[in-house]
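Scroll down for the structure; my scribbles are underneath it.
In what follows, every heavy atom counts, from backbone to side chain, and hydrogens, waters and symmetry copies are set aside. The chains referred to below are lettered A, B, ... by the order of the sequence lines, with proteins before strands, and numbering in each begins at 1.
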Number of protein chains: 6
Amino acid sequence: MKMSARNMINGKVEGVKVGQVMASVKIKIESPNVITAIITKESIDELDIKEGDAVKAIIKSTEVMVGKE
Amino acid sequence: MKMSARNMINGKVEGVKVGQVMASVKIKIESPNVITAIITKESIDELDIKEGDAVKAIIKSTEVMVGKE
Amino acid sequence: MKMSARNMINGKVEGVKVGQVMASVKIKIESPNVITAIITKESIDELDIKEGDAVKAIIKSTEVMVGKE
Amino acid sequence: MKMSARNMINGKVEGVKVGQVMASVKIKIESPNVITAIITKESIDELDIKEGDAVKAIIKSTEVMVGKE
Amino acid sequence: MKMSARNMINGKVEGVKVGQVMASVKIKIESPNVITAIITKESIDELDIKEGDAVKAIIKSTEVMVGKE
Amino acid sequence: MKMSARNMINGKVEGVKVGQVMASVKIKIESPNVITAIITKESIDELDIKEGDAVKAIIKSTEVMVGKE
């Protein structure tokens with residue numbers, strides 16, 4: 001399946017922290033960048049996401065802001 | 001100012017495409033990654049965003065999805 | 001690829017309206033429901049989205065609100 | 001009140017899972033579709049959302065992505 | 001209808017700028033605050049939004065970030 | 001740093017409720033308005049957000065909906 005989401009960044013899961021409903025996934029993209037994804041605990045279980053997994057961080061472009069010094 | 005947004009990625013503006021209300025900004029983060037940000041034309045003007053600018057792509061972690069093969 | 005996005009709804013493209021940067025896609029899911037997706041013109045071109053296409057409407061669950069009378 | 005959100009889908013609450021801050025609501029829209037909404041526990045309490053309730057899943061169109069095989 | 005969206009702020013439309021697909025609505029909430037909403041042109045037409053209208057700015061709480069000096 | 005996010009509202013933290021992964025921050029902007037922000041527990045800790053803090057509620061304009069009676 002091809003998706004309209006413009007941003008797909010390959011990375012590796014560095015850590016997973018699971019709450020009752022939500023979970024935080026740390027994805028190392030390229031040193032020194034780490035992307036945090038907050039997704040459901042249900043997704044963690046269904047995709048079996050664990051440290052070391054090769055994953056994609058996917059972000060709809062309307063969600064990206066721009067900062068400039 | 002420090003922000004709750006967990007994801008701030010340094011990059012360089014590779015291209016700007018401006019519509020009547022919205023605008024698309026291509027941000028090169030590290031080869032071969034380019035992030036697309038859809039922001040208002042007003043922001044483009046106010047921050048004077050143009051090709052070659054050093055910027056940050058800022059993403060709230062609740063907006064990041066995870067994909068896994 | 002499996003995705004953390006919890007909501008994937010099969011449907012058919014009923015209409016596409018393209019602006020300079022953004023585009024609106026009407027997706028008929030099941031009578032009488034039509035879902036509107038606002039995505040980039042770039043995605044329309046790259047996925048070659050046109051009326052009658054079988055597509056999926058994909059929505060991260062943190063983006064869904066609940067209303068009750 | 002009329003809202004700018006383009007997507008309002010009638011459904012029935014199929015299940016509610018409540019964490020400390022967030023909650024997950026499963027909304028059955030039409031067989032076999034179920035939409036997951038992640039909303040605050042506070043909303044669950046204030047709207048008194050429980051299994052069997054007739055509700056609307058409300059989604060801003062800028063949050064909908066499109067996937068195509 | 002009651003909504004799970006936690007943030008509803010009364011205000012007055014100060015200006016509307018319409019593109020081909022998207023539109024920008026400036027909502028004056030209380031001096032000196034103005035909130036910008038980017039919504040579809042279709043919503044502008046259907047809700048007949050124009051300068052001076054009393055409206056609500058509605059924001060899902062998962063979309064709000066926090067900044068601190 | 002200047003940001004493309006169009007909405008920055010000054011306020012004071014009225015209350016913080018922390019879960020395992022996510023946290024809710026109540027920000028009093030101007031009587032009688034209170035904005036709810038759902039952010040990560042990690043941000044709460046890193047920015048040391050506590051009751052009485054002067055903060056900014058930051059909202060990307062594509063996330064704001066409009067309601068009209």
So, the part of I39(C) with a heavy atom under 4.5 Å from chain D: the answer is side chain
Bottom line for A54(D): the part with an atom under 4.5 Å from chain C's heavy atoms is backbone
Interface check, chain D: of A37(C), A5(C), S24(C), most non-hydrogen pairs under 4.5 Å belong to A37(C)
* Show your reasoning for whether side chain to side chain contact (heavy atoms under 4.5 Å, CB included) applies to V34(D) and I29(D). => CA-CA 6 Å; V34(D) 173; I29(D) 51 169; over 6 Å; no
Practice task
Quick one: do D53(C) and K12(C) satisfy salt bridge (Lys or Arg N to Asp or Glu O under 4.0 Å)? Show the steps, please.
Solution key: CA-CA 5 Å; D53(C) 280 356; K12(C) 189 167 283 200; over 6 Å; no
Of K17(D), E14(D), K26(D), the one forming a side chain to side chain donor-acceptor pair (under 3.5 Å) with T36(D) is K26(D)
Legend entry - Check: M8(D) and M3(D) side chains under 4.5 Å, non-hydrogen atoms: yes
Counting heavy-atom pairs under 4.5 Å with chain D, the top scorer among L47(C), I9(C), I35(C) is I35(C)
So, the part of I49(C) with a heavy atom under 4.5 Å from chain D: the answer is both
Most contact-rich option vs chain C, by heavy-atom pairs under 4.5 angstrom, among V66(D), I59(D), T62(D), is V66(D)
* Asked: When you measure from the side chain of D48(D) to the backbone N and O of D45(D), does any donor-acceptor pair fall under 3.5 Å?
  -> no
